[in-house]
Amino acid sequence: MREALKEARKALEEGEVPVGAVVVHEGRVIARAHNQREALSDPTAHAEMLAITQAAEAREGWRLNGCSVYVTLEPCPMCAGALVNGRVDEVVFGPFDPKAGACGSVMNVAQAPKLNHRVEVTAGVLEAECGGLLTEFFRSRRRRAGEDEPA
């Protein structure tokens, strides 16, 4: 998760929502990415999606059996769907996303019984540190927008 946090910090430096992801296979990182929606003008350029694509390239195939994805925020429905479709074994994340999470909070795409694959879910890893980056980012955005800080 510390490697995913490094990626999230890169996103923060670039003005992106600070989410980072890494894919691990047999104990080594085979892919790493951070959010790049603004830089790429691409709504699908979430950290998980970019890392999954890199991992498939590294594995020379779309099946990511034996892989774990570490991400600094609970994946959204799109990313959770990609985890399922890529046959990822496990997703490990920091805080739940109460607005768009799809691995147990708002919904659970990762473990939907009607889908052909289920992803093991571990939540809350380095939750405070991961969440702190997001809080810092959105607080900064509100300040720039001229919104008052809550008392």
Side-chain angles (χ1 to χ4, degrees), residues 1-12 14-40 42-59 61-142 150:
M1 185 63 84
R2 297 240 178 253
E3 292 300 309
L5 274 163
K6 287 179 187 177
E7 289 295 320
R9 287 186 190 97
K10 288 180 187 177
L12 184 65
E14 295 170 10
E16 300 275 358
V17 175
V19 176
V22 297
V23 181
V24 175
H25 181 255
E26 295 180 350
R28 71 181 179 88
V29 175
I30 62 168
R32 60 180 63 239
H34 55 277
N35 275 0
Q36 294 187 54
R37 292 187 310 170
E38 300 300 328
L40 299 176
D42 181 353
T44 70
H46 289 200
E48 303 95 305
M49 299 295 285
L50 298 169
I52 288 167
T53 298
Q54 289 177 21
E57 290 171 6
R59 298 279 313 270
W62 63 268
R63 288 178 184 85
L64 299 177
N65 303 84
C67 291
S68 296
V69 175
Y70 292 79
V71 61
T72 58
L73 180 66
E74 178 186 11
C76 72
M78 172 182 67
C79 295
L83 295 169
V84 170
N85 286 324
R87 311 296 195 270
V88 169
D89 285 0
E90 172 187 36
V91 63
V92 178
F93 60 87
F96 281 103
D97 182 347
K99 294 184 178 182
C103 293
S105 61
V106 176
M107 63 188 73
N108 197 346
V109 171
Q111 297 178 324
K114 290 189 176 185
L115 296 179
N116 63 333
H117 178 76
R118 275 161 288 299
V119 179
E120 184 178 323
V121 174
T122 302
V125 176
L126 298 179
E127 181 175 3
E129 194 169 347
C130 294
L133 284 177
L134 291 159
T135 299
E136 175 186 338
F137 174 79
F138 288 111
R139 185 175 292 142
S140 170
R141 300 267 311 238
R142 284 191 301 272

- [ ] For residues Leu115 and His117, determine if any side-chain heavy atom of one lies less than 4.5 Å from a side-chain heavy atom of the other.
- [x]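 They are not in side-chain contact.
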Task: Flag side-chain contact, heavy atom, 4.5 Å: Leu50 against Thr44 - done: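 No, their side chains stay 4.5 Å or more apart.
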Looking at [X] and [Y], what are the two nearest heavy atoms and their distance?
X      : Y      : answer
Ala51  : Val23  : O-CG2, 3.7 Å
Pro18  : Ala11  : CA-CB, 3.8 Å
Asn35  : Val17  : ND2-O, 3.2 Å
Pro75  : Glu48  : CA-OE2, 3.3 Å
Ala47  : Ala33  : O-CB, 3.6 Å
Val106 : Ala100 : CG2-N, 3.9 Å

With a 3.5 Å distance limit and no angle check, can you tell me whether [X] reaches the backbone of [Y] through a side-chain donor-acceptor pair?
X      : Y      : value
Ser68  : Val24  : no
Arg59  : Glu57  : no
Glu74  : Phe93  : no
Thr72  : Cys130 : no
Ser140 : Glu136 : no
Asp89  : Gly66  : yes

Open item on the list: Under the rule for salt bridge (charged side-chain N to carboxylate O under 4.0 Å, His left out), what residues qualify as partners of Glu3, not counting sequence neighbours?
Closed with: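 Scan of Glu3 (salt bridge (charged side-chain N to carboxylate O under 4.0 Å, His left out), adjacent residues dropped) gives Lys6, Arg32.
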- [ ] Can you sort out the partners of Arg9 under salt bridge (charged side-chain N to carboxylate O under 4.0 Å, His left out), two or more places apart, ordered by chain and number?
- [x] Glu129
Task: Phe137: partners by ring-ring contact (aromatic ring centres under 6.0 Å, His included), with sequence neighbours left out - done: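 With sequence neighbours excluded, Phe137 shows a ring-ring contact (aromatic ring centres under 6.0 Å, His included) to no residue whatsoever.
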Task: CA sep, side-chain torsions, deciding dist, call: Leu64, Leu83, side-chain contact (heavy atoms from CB on, under 4.5 Å) - done: CA-CA 9 Å; Leu64 299 177; Leu83 295 169; over 6 Å; no
Open item on the list: I'd like to know whether Leu12 forms a side-chain contact (heavy atoms from CB on, under 4.5 Å) with His34, so could you lay out the CA-CA distance, the side-chain angles of the two residues, the decisive distance to 0.1 Å, and finally the verdict.
Closed with: CA-CA 9 Å; Leu12 184 65; His34 55 277; over 6 Å; no
To the nearest 0.5 angstrom, please state how far the [atom1] atom of [X] sits from the [atom2] atom of [Y].
X     : Y      : atom1 : atom2 : result
His25 : Cys67  : NE2   : SG    : 5.0 Å
Gln36 : Lys10  : CD    : NZ    : 9.5 Å
Arg87 : Asn85  : CZ    : CG    : 6.5 Å
Cys76 : Met107 : SG    : CE    : 9.5 Å

